[in-house]
Amino acid sequence: MRLVWYALWCAFAFGSTFALINPILSGWNPDPSIVRIGEDYFIATSTFEYFPGHPIYHSKNLVDWTLIGHALNRPSQLSLLGTPSDAGVWAPGLRYHNGTFYLTSTTRYVYTSEFRLFPRSFYVTTQDIFSNSWSDPIYFDFLGYDADLFWDVNDDVYVTWTGINNAIDKIYGIYQSKIDLETGDSLTPAEHIFSGTLPNNSSARPEGPHVYLLNRTYYLLIAEGGTDSHHRSTIQRGPSPSGPWESNPANPILFNGADLSLPVQDTGHADLVEAPDGSWWGVALGVRPQQSNFSHIQLGRETFLFPVTWESGWPVINHGEPLSEHIEGVLEDTSHLSDYFNDFTNSSELDNSFYFLRTPYKRFHSLSARPGYLRLNGNGYAVGDRDSPALLLRKQTSYEETFETKIDGFTPASNLTEAGVTIFYGDFLHNDIGITGVDSSGSETVERFIVTRTKVQAQQVGPWLLTSDNNTITTVTHTPLQTSSDAVRLVIVGNSTNYKLGFAEGDADDAPVTFTAEIDGAALSIPTAGGFFFKGASFGIYNTGNGKPTLVPADFAYWKQTPGSGSSGR
């Protein structure tokens, strides 16, 4: 009966064509924050060490989403030089008040042991969210992350965040201050307002606070339990924005980790929104382990949608059922994924779906230097260097997905000159295939080879701990090419558990692909020693001098991503 009622309600609210398709933002889009203005919905998500930071998505129906820009798209807003993998910008809070959009964020620059305190959070603003133009940051006084803004009925402005009790114990908690919105200055001391619902120790991790006022009652929605299968959402209510808080007897209101066989896991970090018709919805992050294997979650944490109802003054997520991809037998699932093809002929700029690794020192790509091609001018940094290589990235959007491009006329000057493609997670987790040269003994020419570089996790042997110097093992192979300058097509084929890397030489689009490596998807899902898993996989193109300047440009003829028939990974 519940499912029948839900189907009728969805049909009434969104029309007969509405279909609940999860995830609504495929490919890694963690820490979603949602807001509605009139009939327009907007979501912001995390980007970590990627630049530009914090994508902004727009929708009219909560199902079909368009990437309209990024809140942090200028070096004056976001400098990420040398930022470690999975640091950078975390957990945005997207809010709207009196004609202005506000986006709160935190930039983490260091993970090393001497850096024991959290950084300062900040916010940026815009009056026109479609303009892709936001202010420079205004910083708060507190140290912490996951900041959230709340305007009370008397116009007091509160900022609520995740902090720690001190730099030694590092017991996490939810803190709050009143602020001067013009300056970000604190008007009241930081108040510890909640410790979460789990045992109060360093693993509880109460995070991601959102404060709401509904029917003269204040609600505090938080995430708890860390970022793995213990991740969850809980909600509290009270008489003021600071509590004291009464915990929902049904907490956690979102938690799939009680049944690890469910296809969606690591659920949490939720946010709620009211539709124009008075119905309620929410978004949260989750992962989709492939074949029930938590070592195969290459797409990382994606954004999921769910209905919200209210019972006895408490929100009920997805009618008390686990967060899922389908509502079986009720709604018709239709994949919202599509092919992406860009032949670089119709625009002078890249579209919003492309990212750099960290903030570029200067522009290294061009769509005009050779019309009809995307040219990358290489620099001394290589893929995997903790800096800003000449690398362009675009998120993988489905588990079964093929990425393909063609490099035309690339003639390496030495064995250091290299251009190619990568399936990339972070500095230590990436697998590459490209074109390079090998100096021929006694010859003035440089032979061309396909270089394939794959990585696996290192295993600790003896008492020597794994560090960033030895946490992965790299295997490099070279396959000779037949010509000195012909075009080379490079291909990466992904499925639920592995990737294949291959090439085809010559201009013929139907030339058979020679695969030079096959890697386990775990190589992009399991963090290295001392690392984290906050993002997901992206496809990339690069040009490098491997520590030296390079004068050889790499011209890419197109970018093609094709989801497979089982692209949902379901």
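Side-chain atoms are counted along with the backbone in the values below, which use heavy atoms only and exclude waters and symmetry mates.
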Among all residues two or more places apart in sequence or in another chain, which pass the side-chain contact (heavy atoms from CB on, under 4.5 Å) test with [X]?
X: Ser76; result: Arg74, Asp136
X: Arg205; result: Tyr172, Glu207
X: Thr106; result: Pro119, Ser121, Tyr145
X: Ser131; result: Thr126, Asp128, Ser133

key: ring-ring contact (aromatic ring centres under 6.0 Å, His included) assessment of Phe130 paired with Phe42   = CA-CA 10 Å; Phe130 291 100; Phe42 303 93; 5.6 Å; yes
Search all heavy atoms of [X] against all heavy atoms of [Y] and return the closest pair with its distance.
X: Asn379; Y: Ala390; answer: ND2-N, 3.5 Å
X: Pro32; Y: Thr303; answer: CB-OG1, 3.6 Å
X: Leu481; Y: Ile435; answer: CD1-CG2, 4.1 Å
X: Phe424; Y: Leu357; answer: CZ-CD2, 3.7 Å

Distance-only check: which donor-acceptor pairs under 3.5 Å involve side-chain atoms of residues 484-494, not counting sequence neighbours?
{"residue": "Arg489", "atom": "NH2", "partner": "Asp509", "partner atom": "O", "Å": "3.1"}
{"residue": "Arg489", "atom": "NH2", "partner": "Ala511", "partner atom": "O", "Å": "2.5"}

ask   = Stepwise, does the ring-ring contact (aromatic ring centres under 6.0 Å, His included) test hold for Tyr558 with Phe341?
value = CA-CA 7 Å; Tyr558 56 84; Phe341 181 79; 5.7 Å; yes
Could you tell me if the side chain of [Y] sits less than 4.5 Å from the side chain of [X], heavy atoms only?
X: Phe48; Y: Trp90; answer: yes
X: Thr497; Y: Asn293; answer: no
X: Thr474; Y: Thr454; answer: no
X: Thr544; Y: Val383; answer: no
X: Leu299; Y: Tyr399; answer: yes
X: Asn29; Y: Tyr57; answer: yes
X: Pro289; Y: Ile297; answer: yes
X: Ile34; Y: Leu62; answer: yes

Could you tell me whether [X] and [Y] have a side-chain N and a carboxylate O separated by less than 4.0 Å?
X: Asp427; Y: Arg386; answer: no
X: Asp266; Y: Arg301; answer: no
X: Glu505; Y: Lys406; answer: no

Output all residues satisfying ring-ring contact (aromatic ring centres under 6.0 Å, His included) with [X], sequence neighbours left out; order by chain, then residue number.
X: Tyr373; answer: none
X: Tyr381; answer: none
X: Phe533; answer: Tyr425

ask   = Strictly under 6.0 Å, is that where the ring centroids of Tyr111 and Phe532 end up?
value =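 So the answer is yes for these two rings.
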Under 3.5 Å, is there a donor-acceptor pair linking the side chains of [X] and [Y]?
X: Tyr340; Y: Asp351; value: yes
X: Asn495; Y: Glu400; value: no
X: Arg358; Y: Thr83; value: no
X: Asn132; Y: His70; value: no
X: Asp271; Y: Ser33; value: yes
X: Thr472; Y: Gln457; value: no
X: Asn73; Y: His54; value: no
X: Glu401; Y: Gln396; value: no
X: Lys395; Y: Ser538; value: no

[X] side chain vs [Y] backbone, donor-acceptor pair below 3.5 Å:
X: Asp146; Y: Gly208; value: yes
X: Thr66; Y: Ile68; value: no
X: Asn22; Y: Glu325; value: no
X: Ser46; Y: Ala91; value: yes
X: Ser347; Y: Leu350; value: no
X: Asn431; Y: Lys455; value: yes
X: Arg375; Y: Pro553; value: no
X: Arg108; Y: Val110; value: yes
X: Thr436; Y: Thr417; value: yes
X: Glu302; Y: Gly27; value: yes

query = Should the ring pair Trp559 and Phe403 be called parallel, tilted or perpendicular, given that the plane angle runs from 0 to 90° and is split at 30 and 60?
reply =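 Plane angle between 30° and 60°, so tilted.
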Salt bridge (charged side-chain N to carboxylate O under 4.0 Å, His left out) contacts touching residues 533-547 (sequence neighbours left out) =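 Output for this query lists Glu49-Lys535, Asp86-Lys535.
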Residues two or more places apart in sequence or in another chain: which of them pass side-chain hydrogen bond (donor to acceptor under 3.5 Å, both in side chains) with [X]?
X: Asn346; value: none
X: Asn256; value: none
X: Thr411; value: none

key: salt bridge (charged side-chain N to carboxylate O under 4.0 Å, His left out) evaluation trace for Glu349 with Arg363   = CA-CA 12 Å; Glu349 294 292 338; Arg363 187 183 179 100; 3.5 Å; yes
task = Quickly, which of Phe364, Tyr361, Tyr50 forms a ring-ring contact (aromatic ring centres under 6.0 Å, His included) with Phe356? Name it, please.
result =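 Looking at Phe364, Tyr361, Tyr50, the match for Phe356 under the ring-ring contact (aromatic ring centres under 6.0 Å, His included) is Phe364.
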task = Quick one: pull up CG in Leu376 and OG in Ser366 and give me the separation to the nearest 0.5 Å.
result =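 The CG atom of Leu376 sits 10.0 Å away from the OG atom of Ser366.
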request  = Using the salt bridge (charged side-chain N to carboxylate O under 4.0 Å, His left out) rule, take Lys560 and Asp339 through it: C-alpha gap first, then chi angles, then the decisive distance, then the call.
outcome  = CA-CA 8 Å; Lys560 184 178 181 181; Asp339 295 354; over 6 Å; no
